[in-house]
Every structure is written in structure tokens, then in C-alpha cells.
There are 4 protein chains.
Amino acid sequence: MPKVGMEPVRRQQLIDATIESVAELGLQGTTINSISKKAGLSSGIISHYFGGKQGLIEATVRYLLTSLKQALMNQVTPQTSPEQRLMFIVEANFSRIQQQSNNTKTWLSFWAHSMHDVQLHRLQNVNSKRLFSNLLSSFKQLMSDSDANLAAELSAAMIDGLWLRAVLSKSDQDQFEHCEQLAKDYIRSLIKQYGA
Amino acid sequence: MPKVGMEPVRRQQLIDATIESVAELGLQGTTINSISKKAGLSSGIISHYFGGKQGLIEATVRYLLTSLKQALMNQVTPQTSPEQRLMFIVEANFSRIQQQSNNTKTWLSFWAHSMHDVQLHRLQNVNSKRLFSNLLSSFKQLMSDSDANLAAELSAAMIDGLWLRAVLSKSDQDQFEHCEQLAKDYIRSLIKQYGA
Amino acid sequence: MPKVGMEPVRRQQLIDATIESVAELGLQGTTINSISKKAGLSSGIISHYFGGKQGLIEATVRYLLTSLKQALMNQVTPQTSPEQRLMFIVEANFSRIQQQSNNTKTWLSFWAHSMHDVQLHRLQNVNSKRLFSNLLSSFKQLMSDSDANLAAELSAAMIDGLWLRAVLSKSDQDQFEHCEQLAKDYIRSLIKQYGA
Amino acid sequence: MPKVGMEPVRRQQLIDATIESVAELGLQGTTINSISKKAGLSSGIISHYFGGKQGLIEATVRYLLTSLKQALMNQVTPQTSPEQRLMFIVEANFSRIQQQSNNTKTWLSFWAHSMHDVQLHRLQNVNSKRLFSNLLSSFKQLMSDSDANLAAELSAAMIDGLWLRAVLSKSDQDQFEHCEQLAKDYIRSLIKQYGA
DNA sequence: AATGAATGAGGTTTCATTCAT
DNA sequence: GATGAATGAAACCTCATTCAT
């Protein structure tokens, strides 16, 4: 049975299982067993690869954040216009839902828990600030710095707010797309309002 | 120590202690002991008055929701103008922070947990829909029904989004007031844009 | 509310409630609360009158034993023939069922518990020996001492065995009467067999 | 410590410890800790192998019933005469005592508790009916069906009654053997009385 | 590399007892 | 004489972690 080079495979198996489990049972209801069962592996392997439950949780959050970052970077090229780039930001953020059927619940669980976990809080902060600075740099190409700052703050709030309300009301895919559209429209209206 | 007529006092003591404990330790870190210790009471008393931990959690959420509703109703009179009413809605929602120093973290913990708890989810839904319908009825007095619907949806998202980002970034009081101001400005801009 | 001379009334109320509760919930499932609720009294009163749960349990067993003794003594007179007396003994033992609809289950619970409770064991022993000596003294008038001893031993076992199997199989009233008849027939056959 | 293939060993260890604990402390006094301490294992292992205390209790009863059945089956062969078979039934039932020093008290505790526990009651019923039908089939080879029925009923009661009185009076081994002899004699007298 | 048996700390709940009223 | 609020020990169960294999 022992194979070499299994490490990355096992790690990803466990991270995927964690996302699933947290989505289904919540962070509170997720146990080392619920994860390892979903992964089709033994419970001991978690300590082996991640040092413990906490390590796996953090790795999972890190993975989700990286995925989000990638989702944006994959679409943007040097030729992308600022407005187009803003639309991609929205899409990337709403795609938190689509990548894996139920990442969204997982995101929210982690968000809430980050209030009481310094490690997680640092990670979430990075993400929150990245959304803001991504928005800001694009807006800056379209308006004055101070307007761009305001626009970025409002857009970030609108994206998170629409997304949050969609998640919490257990919306279906159509409603998510509707919210994504609202977010895009709002950003366009900000450009129109403040754009030079 | 046993006295008569203590029931309402004890219930409130325990609810307050729950809010404190969830704010400080998170819902996951909150135990029957952390609560009863904060309340200065024994652990058994929780089962006595609320039937168990779950009962106390639900009672606490119900209390927070009622408080929020009261915060709004206390300010609104028949003479309040629609615009004024909208401003009060924003204030009431942001005052979730002020009433008790750290209700906010508690709110977020409950929100996240509601994804995996039917009882809590029902309660949260009531709240979410109330925010929306409060906004809607005020907007309807200022614009067409379809515009009002959109405005309410966007305002609700903006309020929640600003509030959420403020909570998660562990903002101070000043930042909260800044966010409250942004929310109010946004609503005014919606009125200007769509208002008859 | 405070009345005088309530003591015997309250004590009997609580004993009756204990019999009911043990019958319904078992000795294990019977709590100070289940008893006091059935009695329509407060929980504190049990300590007041019986010093605690254990005291009430013992008083209840004592009451059941006394009732059984009375049931026999009420029927027997100096003129009662030995055979008639033996029939009355059977009747009294089976009437453990009838007095109060479900004394039987209560009896068995106490019996079992008496294995691990010296107080109760002493009480049960008194009862067991009384059944034997009641039988013995009657048989002695009908046969030799050594035969009477054997007959008493066998009769006691037959009475308890029939009764136990009837209780455990949750028999109805008819089946109990059938068992009572079997016990009587058995005793008559012993008299015929050993009788001078 | 962890080894493979320990499951059957551990299960039996725990069942034996349960029998001991119930005999010593009663079903009421038996806790997850009293059992695991006797077994020399941790408390958690009980949930691991039996899902909880209740599961272990049931497994223990099942084990006792199976042992009783085996005790009989080991002695009976196709050549065994009906009368011999009846004697073996008595022996098997009285050997409930001998197998392990104090199974008897355990039996009685379970019996009493079965009045308030459907699972246990079902198991006990099986046992009670098996005793009866074992007796019945043997008697049928020696007398008319209706007589056999009566003989089986009386024998079952006599066996249980003698056994019960022996247990409750905390009899020693000699007394048990005396009772076993009485039961056998009684069955022989039934054969003489009704036998063709 | 991977398993899963075993542990035991910690959580919730139950409940006999106490005692101010 | 009677209440029932309050306590806290003890019970059961869960679960992250360890470690022999």
C-alpha cells in the first residue's frame, strides 16, 4: 500500500473533504472523523499531514483564499481594461459559490470563526484587504484617488453584502446570478458618477 | 438565596452572559460553564430556566432580534418622513453594535451557525426579511414600486455589507460611524436617482 | 395554607405517588420530581417528611409489606380451617396486583433493588420468611413436620414463580386469576399427597 | 497498546465487567466508570464498541441468554431421553449461578429493569418462552398435550420460583443445589402423575 | 505511508438536597 | 407547613490526539 509522492494527493483529498464537511455540518459539527470518512481515509492521517485539526482548517482556508486569488488572476491580462477588470473581480468573488457546489457555507463558517482565532483572522484580513485594493487600483485608473477610495469601499461592501444575503437566505443559482448582476450594475453606476 | 419572582431577572442575567460569552469566545467556545460563570450562577440553572444550552441560545437570538426591532420602533412615529425613517433603519441596524459593547460579534456567530440550525435559520430569516420590508415600504413612498424593490435590495445589501466588513476588521467606534454615514449617503443617493 | 394534622395525609399521598411512579417509570426512572409531581406537592416536602428519597422508598416498601400482611389477617379468623387458610395466603399474595392496579411492577423493582440495599433487603427478607412461616404453620396442622417443611418450601416457590412469570410477561387480569388457581390447585395436591 | 483483532477480546472484557459490576452494585449503581475500571480500560471504549451504555447493557443480556441456551444445548443429544432432557433444563437454569460466581444478581437486575425497557423486555420474553417451550416439548413425549401444557407451566414457575427465592435470600451454593434437587423431584412427580 | 484502537479531558444534562421565604 | 429556586456532584457522551503496528 505505501506509495511515494502521495503527499500532495492526500493533502488535497483532505482539504476537499473539509470543505464538504464544513458546508454540510458547520465548523462546529465538523470532526476529525467526519472529514476522514468523507475523504475515505483514516483519522490518523490528519495529524500526519497537518499536525492536527487546526492545521487542516487553516490549510483549507488558505486554499480557498488562493483559489479566489487565482480565479481573478486567470482572467486578467495586461490588456484588460479597468472596467473589465472590475467586472472580473465581482465574478471571481461570486464564483466562490460555483467552484465547488457549496463553498459558500464554508466561507461563512470560517469568517465567523475568524473573530475568535488569530490565525484565521489574519488570513481573512488579507482577503478582505485584497478585495479592497484590487477594487481601488482599478478605480484609480478611472477617477480621482479620493473618489476611487470611496468607490472601492462601497463596492467592497456591496459585493460582500449581496453575497452574504444570498448565502444566508439559501439562495439558488439564479438568485446568485441576479446578485452578481446587481453588483456589476452598481460598480458601473459608480464609474458613471465619479468617472472623469 | 432562593427568592420568588426571580425568573425574569435570572433569564435576563443568563441571556446577557450568553451575549458576552459568545462575543468573547465564539459560539464554539461558549459552554454552559462559561455562561454560568459570567452570570455568577450555577450551571444547573440553565437547564432549569431554558431546558438546556440550545434553549438559551435561541432565547438569546430572539432577544437580540427583539431589541433590534425595538430600537427602530422607538424612534419612528406617524409623523416621521419616509426619508427620515430610512435613516432610522440604518441607525437601528448599526446600533446592533452600540447597545452592548460587543453584540456584533455575537450577531455574526449566530448568523453563521444559522446555516446549520433550522431553529436559528428561521429566526434569522425573519430578521433579514424585516430589514428588507422596512426599507421597501419607505422607498415605495418615494418612487415607483419596481424601483423601490431594487432600492430596498441594494440598501439591505449595502447596510449588511458595510456592517459585516466593519465587524470582521474589528473596527473601532469611529469606523462604525463612518460606515453608518456611508450607508445613509447611499440611501440618499438612491432616493435622488429614482425619486419621482 | 398551613394546616395542622396534615402529616399522615401527606405521608400517604407521597407513598401512593411513589408506588405509581415506580410502577410507571421503574425505580431507576423515579425521581424526587416524578413523585412530587404525581402527589401534587412540592419536591421539598419529601425531605421534610421522610428525610430524603431513600427514606421515602423505605417507607413505601414498609407500607406495601404491611398491606400484604393486613390482606391476610383481615380474612383469617380462629375458625378458619388450615386448608382455607392456605387458600387465603395465595389470594393475599396474588392480590398484590389488585389492591392498586400496578403494585406488581413496584414490588419487583424493590425486590431487585434489595440485592444492593441492606435496608431493603432486611425488609424483603421479613416478607419472604413470613410467607414461608405462614404456609408452614398451616401445613403442620395437616401433615408431619418434615413433610410440612417441604410443602411450605415448594408452595412458596410455586406462588412466587407463578406470580413472577405473570408479572414479567405483562399478563392481564385473567391470566393472573389463572395463575392464582394453579397455585391453589398445587397446594391442594400437596395436601392430598402428604396429608395424613 | 493499540493492536489489531482486539475487538472480540475487548467486547468480552467489557461484557464480563458489566456482569460483575451489576452483580456488585446493581444496575442502578453501575456506571460507565464502574464498568471500565473493572475492565481495566478507559470509559471511552464503551461508546467505541457498543455505541453507549445502553448498547453494552443489551449486549450483556444477550450474552447471558446465549450462555444459558448453550449450557443446555451442550448436554442434549438425539439420544437423550425426555426425562433426562428435563433434568438438563433444570440444571442449565440453575447453572446461571455457577458459570460466573455471581451472574444471578445480574439476572435479577435485568429482569426487573426489563419492565421499563422495551428492548430488554423483548429479550427476556424470548428467554421466558424458551424455558416454557423446552419443557413443553419434552413433556409432550411423556403425556397428553393438554397435560404437558399444564406440566410445563407449573415446572417453569417452580424453577423460576425456587431460583428466585434462592437468589433473594442470598443463598449459598449448598442451598442452590438443594433447590435444584427440589425442582428435579417436582418434575419427576409430574411425570409420575400425568405420565401415560 | 497509513491505520484505527485506545485514551481521557471536557461538554451537557440530570437530580437529590438545601434553605430563604 | 410548604414551596421551589438554586446548587453542584456525577453521569453519559464526544472527540482530538497518540501510537503500536
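Every chain is numbered from 1, with letters handed out A, B, ... down the list of sequences.
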K.L.:
What's the OH-P distance between B:Y49 and E:dT13, to the nearest Å?
P.N.:
18 Å

K.L.:
Taking only distance into account, with no hydrogens and no angle test, what donor-acceptor pairs under 3.5 Å do side-chain atoms of residues 26-33 of chain D form with protein atoms, sequence neighbours excluded?
P.N.:
{"residue": "D:T30", "atom": "OG1", "partner": "D:S21", "partner atom": "O", "Å": "3.3"}
{"residue": "D:T30", "atom": "OG1", "partner": "D:S21", "partner atom": "OG", "Å": "3.0"}
{"residue": "D:T30", "atom": "OG1", "partner": "D:V22", "partner atom": "N", "Å": "3.4"}
{"residue": "D:T30", "atom": "OG1", "partner": "D:G26", "partner atom": "O", "Å": "2.7"}
{"residue": "D:T31", "atom": "OG1", "partner": "D:N33", "partner atom": "N", "Å": "3.1"}
{"residue": "D:T31", "atom": "OG1", "partner": "D:S34", "partner atom": "N", "Å": "3.0"}

K.L.:
Expressed in angstrom and rounded to an integer, what is the separation of D:K53 atom NZ from E:dT14 atom P?
P.N.:
15 Å

K.L.:
Over how many whole Å does the gap from A:K37 atom NZ to F:dA16 atom P extend?
P.N.:
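To the nearest whole Å, that distance equals 13 Å.
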
K.L.:
Separation of D:Q28 atom CD from F:dA10 atom P, in whole Å?
P.N.:
16 Å

K.L.:
Whether the side chain of B:R10 engages the backbone of B:Y49 through a donor-acceptor N/O pair (distance < 3.5 Å, no angle test) should be reported.
P.N.:
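Answer holds: no.
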
K.L.:
Determine whether C:W111 and D:V167 make a side-chain contact, defined as any pair of heavy atoms from C-beta on separated by less than 4.5 Å.
P.N.:
no

K.L.:
Hey, is the side chain of B:H48 poking within less than 4.0 Å of OP1 or OP2 on F:dA6, counting only N and O atoms?
P.N.:
no

K.L.:
Could you pull out the closest heavy-atom pair between D:Q13 and D:L41, with the gap in Å?
P.N.:
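So the two residues come closest at OE1-CD1, 3.9 Å.
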
K.L.:
DNA chain F: D:I46 or B:E7, which has the more 5' nearest nucleotide?
P.N.:
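Per heavy-atom nearest nucleotide, the more 5' residue is B:E7.
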
K.L.:
When we call it a touch if two heavy atoms are under 4.0 Å apart, what does D:F50 touch: a base, just sugar-phosphate, or nothing?
P.N.:
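Result for D:F50 = nothing.
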
K.L.:
For the atom pair NZ (D:K53) and OG (D:S43), what is the distance rounded to the nearest 0.5 Å?
P.N.:
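One gets 13.0 Å once the value is rounded to the nearest 0.5 Å.
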
K.L.:
Between atom CG in D:L41 and atom C1' in E:dA6, what is the gap in whole Å?
P.N.:
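Between C1' of E:dA6 and CG of D:L41: 8 Å.
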
K.L.:
Produce the list of close N/O pairs, under 3.5 Å, pairing protein atoms with atoms of nucleotides 8-10 of chain E; give distances to one decimal.
P.N.:
none

K.L.:
State whether B:E24 and B:K38 are salt-bridged, where the test is any N-O pair (Lys NZ or Arg NE/NH1/NH2 against Asp/Glu carboxylate O) under 4.0 Å.
P.N.:
yes

K.L.:
Between B:I32 and C:S47, name the one whose nearest nucleotide on DNA chain E is closer to the 5' end.
P.N.:
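Whichever sits nearer the 5' end wins; that is B:I32.
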
K.L.:
Atom CG of D:L56 and atom P of F:dC13: how far apart are they, to the nearest Å?
P.N.:
10 Å

K.L.:
Looking only at heavy atoms, which two atoms of B:L120 and B:F110 are closest? And how far apart?
P.N.:
CD2-O, 3.9 Å

K.L.:
Do side-chain atoms of C:H121 reach the backbone of D:L168 as a donor and acceptor pair under 3.5 angstrom?
P.N.:
yes

K.L.:
F:dA11 C1' sits how many Å from D:Q54 CD, rounded?
P.N.:
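Value for this atom pair: 15 Å.
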
K.L.:
Between A:R10 and E:dA2, is there a side-chain N or O to OP1/OP2 distance below 4.0 Å?
P.N.:
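Answer yes for this pair, as a side-chain N or O of A:R10 is under 4.0 Å from OP1 or OP2.
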
K.L.:
Write down the distance between CG (B:L25) and C1' (E:dG11), rounded to a whole number of angstrom.
P.N.:
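Interatomic distance, CG of B:L25 to C1' of E:dG11: 14 Å.
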
K.L.:
In what stems does DNA chain E take part, counting only runs of at least 3 consecutive Watson-Crick or G-U pairs whose two distances fall under 3.5 Å?
P.N.:
E:2-21 with F:2-21

K.L.:
Any side-chain to backbone donor/acceptor pair from C:T106 onto C:I19? Under 3.5 Å, distance only.
P.N.:
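Side chain of C:T106 to backbone of C:I19, a donor-acceptor pair under 3.5 Å: yes, one is there.
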
